Asker: 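Just passing along the structure, written as structure tokens.
What you are looking at is a predicted structure, and each value in this text was computed from that prediction instead of being measured.
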Amino acid sequence: EGLVHVSQVRDGFVENVSSELNVGQEVKVRVISVDETANQLSLSMREQGPFARADPSEWHSGVVTGVQPFGVFVEVTLSGENATGEGLVHVSRMNIS
């Protein structure tokens, strides 16, 4: 038994998990991480797309799609590929002058 974090239910923003899933529903998941000390599995229902191969040191273009007190949601276009995805830039990772 493991946990699928709300961010791993599907691509895009999930406002309410209960509108996406039901108790007893069978789902396809993949293991993201294993914490043997805590006996916990982190799981994902999302397909592993082109962003899994993205180099963290590269910069990519994006458009802000939402602003929250904790950060901004950005639709990102992966450099060199025709792939887009949405992610969160936490306020602690922003360089605001």
Asker: Decide whether F70 and V89 are clustered together by the hydrophobic rule: side chain heavy atoms of Ile, Leu, Val, Met, Phe, Trp, Tyr closer than 4.5 Å, transitively.
Answerer: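 They do not share one cluster, since no chain of ILVMFWY contacts under 4.5 Å joins F70 to V89.
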Asker: Looking at CD of Q40 and CG of L3, how far apart are the two atoms once the value is rounded to the nearest 0.5 Å?
Answerer: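 Between atom CD of Q40 and atom CG of L3 there are 8.0 Å.
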Asker: In Å, rounded to the nearest 0.5 Å, how long is the span from CD of E86 to CZ of F13?
Answerer: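 That separation rounds to 8.5 Å.
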Asker: Which atom names give the shortest non-hydrogen contact between S44 and Q8, and what distance separates them?
Answerer: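 Looks like OG-OE1, 2.6 Å.
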Asker: Please, which pairs that meet salt bridge (Lys or Arg N to Asp or Glu O under 4.0 Å) have at least one residue in residues 29-46, sequence neighbours excluded?
Answerer: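 Listed once each, the pairs are D11-R46.
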Asker: Is any side-chain heavy atom of R10 less than 4.5 Å from a side-chain heavy atom of M45?
Answerer: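 When only atoms from C-beta onward are counted, M45 and R10 do not touch, as no gap falls below 4.5 Å.
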Asker: Are M94 and V74 in one and the same hydrophobic cluster, where Ile, Leu, Val, Met, Phe, Trp and Tyr link if side-chain heavy atoms are under 4.5 Å apart?
Answerer: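 In one cluster with M94: V74, yes.
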Asker: What are the two closest heavy atoms between L78 and A54, and how far apart are they?
Answerer: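 In this case the closest contact between L78 and A54 is CD1-CB, 3.7 Å.
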Asker: Between T84 and V76, is any pair of side-chain heavy atoms under 4.5 Å apart?
Answerer: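 No, too far: nothing below the 4.5 Å cut-off.
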Asker: Do L88 and V67 belong to the same hydrophobic cluster, where Ile, Leu, Val, Met, Phe, Trp and Tyr are linked whenever their side-chain heavy atoms lie under 4.5 Å apart, directly or via other members?
Answerer: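 No, it is not one cluster - the side chains of L88 and V67 are not joined through contacts under 4.5 Å.
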Asker: Quick one: closest heavy-atom pair of N22 and S18, and the distance?
Answerer: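 Looking at all heavy atoms of both residues, the shortest contact is OD1-O, 4.3 Å.
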Asker: Do the non-hydrogen side-chain atoms of L43 and H5 ever get within less than 4.5 Å of each other?
Answerer: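 The answer is no; the side chains never approach within 4.5 Å.
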Asker: Got a sec: does the CG of D55 have more than 12 other heavy atoms crowding it under 6.0 Å?
Answerer: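 Check passes, neighbour count above 12.
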Asker: Establish whether V14 and F51 are linked, either directly or via other cluster members, by ILVMFWY side-chain heavy-atom contacts under 4.5 Å.
Answerer: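 Different hydrophobic clusters.
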Asker: Are more than 12 heavy atoms, taken from residues, nucleotides or ligands other than Q25, located less than 6.0 Å from that residue's CD atom?
Answerer: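 Above 12, so yes.
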Asker: In this structure, would V64 and W59 fall into the same cluster of hydrophobic residues linked by side-chain contacts under 4.5 Å?
Answerer: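 No; W59 is not reachable from V64 via cluster members.
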Asker: Evaluate the side-chain proximity of V27 to L21: yes if any heavy-atom separation is below 4.5 Å, no if none is.
Answerer: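 Heavy-atom side-chain distance check passes, below 4.5 Å.
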Asker: Counting only heavy atoms not in E58, do more than 12 sit closer than 6.0 Å to its CD atom?
Answerer: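 More than 12 heavy atoms, drawn from other residues, nucleotides or ligands, come within 6.0 Å of this atom.
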